[in-house]
Amino acid sequence: MSRVSGTNEPIPAQSTAASSRRHKIVVCKDLGPAMPLLTQRPDIEVVNWTEERRCDRAWLLQNISGASGLVVCFQDIIDRELVDAAGPNLRVVSTISVGYEHIALDVMAERKIQVGYTPDILTDAVADSAVMLALMATRAAGQSYTFVKNNQWPSFNWTPFAFCGPQLSTTSFSPTRTVGFLGFGRIAHAVLARLAAFGITHCIYSPRPEAAPQTERDAHLQTKHNLTEVAPVDLPALAARSDVLFILAPGGPATHHLIDAAFLRQMKPSSVLVNNGRGSVVDSIALAQALKEGWIWGAGLDVVDEEAIPGGVTAEHPLVCEPRCVVLPHIGSAAQETREEMARLTARNVIAGVLGEELPVALDYSHLGS
Ligand SMILES: O=CC(=O)O
């Protein structure tokens with residue numbers, strides 16, 4: 001039977017013959033119903049962080065020595081220091097996320113450590129939540145919900161324009177709508193498919209600088225969703241034309257604060273920004289100013305730059321304080337069925353990795369810069 005640590009004290013290295021045949025896997029996030037996939041294997045020793053808060057870096061550094069596998073989430077920074085502390089046994093890092101900015105891929109490549117992740121299976125859940133945020137941000141859901149929670153409904157003087165916001169769907173009297181995407185991959189396509197039902201007419205996106213033109217794919221999407229346009233545009237046009245702009249780009253140096261004051265000033269006063277990608281893509285201070293001064297109408301955020309720093313996003317954060325900004329705590333893929341499948345895949349990835357087998361879903365980082 002595998003051992004699951006009951007406390008978060010450092011676990012002493014095992015020296016018995018039996019333990020040396022077992023693969024040590026350090027688990028930073030409890031995988032819920034998928035944990036037995038790990039704990040019921042006689043060839044695996046599980047050392048897991050059991051507290052209901054972010055895994056302590058110090059605990060991880062103390063416990064990782066001799067590990068063959070590591071289970072993490074996007075909050076855990078996997079860098080050279082950690083890999084050095086693990087030692088030469090480490091064969092696989094399995095993250096329960098589609099994003100991988102938290103993993104130093106140059107170090108993984110150098111040490112030939114496989115990386116498992118969970119793309120595709122979360123696409124629909126994240127796309128659902130992006131549409132939810134677009135609707136919440138356009139239709140003043142944050143303000144009106146707070147109004148009711150604050151017991152203001154009893155004295156509500158209903159007026160035709162109270163809590164009004166821009167309409168996401170097209171109508172006979174407002175027949176065109178342009179959605180923009182920064183990051184036009186699987187999740188963006190799933191968002192577009194959902195928005196087609198809202199009568200969206202134009203879809204524009206900013207291509208990666210190195211990407212080849214996708215003319216055929218765009219023509220296919222245009223026909224499939226009965227749109228007037230699907231086209232790549234430059235950043236100024238993306239800002240100026242989007243009624244709703246979805247940020248679905250990965251984080252990292254290439255996208256850091258791409259959405260800054262200069263970009264936001266080019267957006268329409270009636271437009272809405274939705275961020276389901278990474279907080280670091282948007283300059284929070286500039287966005288708060290854009291909302292306060294009416295450069296844009298509203299925002300729906302599942303990610304915020306400051307979530308990564310100690311103290312995180314408090315109730316005093318300038319974006320949380322903006323009435324037309326809906327902020328959720330990074331829950332884009334938090335649909336029960338999806339999270340269970342992500343947990344199972346994360347477990348299967350780490351098991352395959354420690355056994356030296358091909359991962360069910362491995363990140364191919366051979367072409368990625370460090
Ligand atoms: O942000 C969440 C993920 O990368 O899956």
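Whatever order the structure lists them in is the order used to number ligands and atoms, beginning at 1.
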Atom indices of ligand 1, in the order listed, that fall short of 4.0 Å to a heavy atom of Arg278:
1 (O), 2 (C), 3 (C), 4 (O)
Is there a polar contact between ligand 1 and Ile96, counting only N or O atoms under 3.5 Å apart?
no
Distance-only N or O hit between ligand 1 and Met342, under 3.5 Å:
no
Numbered atoms and elements of ligand 1 in range of Gly99, under 4.0 angstrom, heavy atoms:
3 (C), 4 (O)
I need the full list of ring pair (Phe, Tyr, Trp, His ring centres under 6.0 Å) pairs touching residues 222-258, with sequence neighbours left out, sorted by first then second residue.
Phe181-Phe246
Is the backbone N or O of Ser174 less than 3.5 Å from a side-chain atom of Thr171, with the two atoms forming a donor-acceptor pair by type?
yes
Return the residue, atom name and 0.1 Å-rounded distance of the protein heavy atom closest to atom 5 (O) of ligand 1.
Val98 N, 2.8 Å
Pair Asp260 + Arg265, salt bridge at N-O below 4.0 Å:
no
Taking heavy atoms and a distance under 4.0 Å, where does Leu122 meet ligand 1: side chain, backbone, both or neither?
side chain
Is the distance between the ring centroids of Phe147 and Phe163 less than 6.0 Å?
yes
Hey, what's the ring geometry for Phe184 with Tyr205, parallel, tilted or perpendicular (30° and 60° as the breaks)?
parallel
Under 6.0 Å from the CZ atom of Arg139, do we count more than 12 heavy atoms belonging to anything else shown?
no
What atoms in ligand 1 come closer than 4.0 Å to a heavy atom of His330?
1 (O), 2 (C)
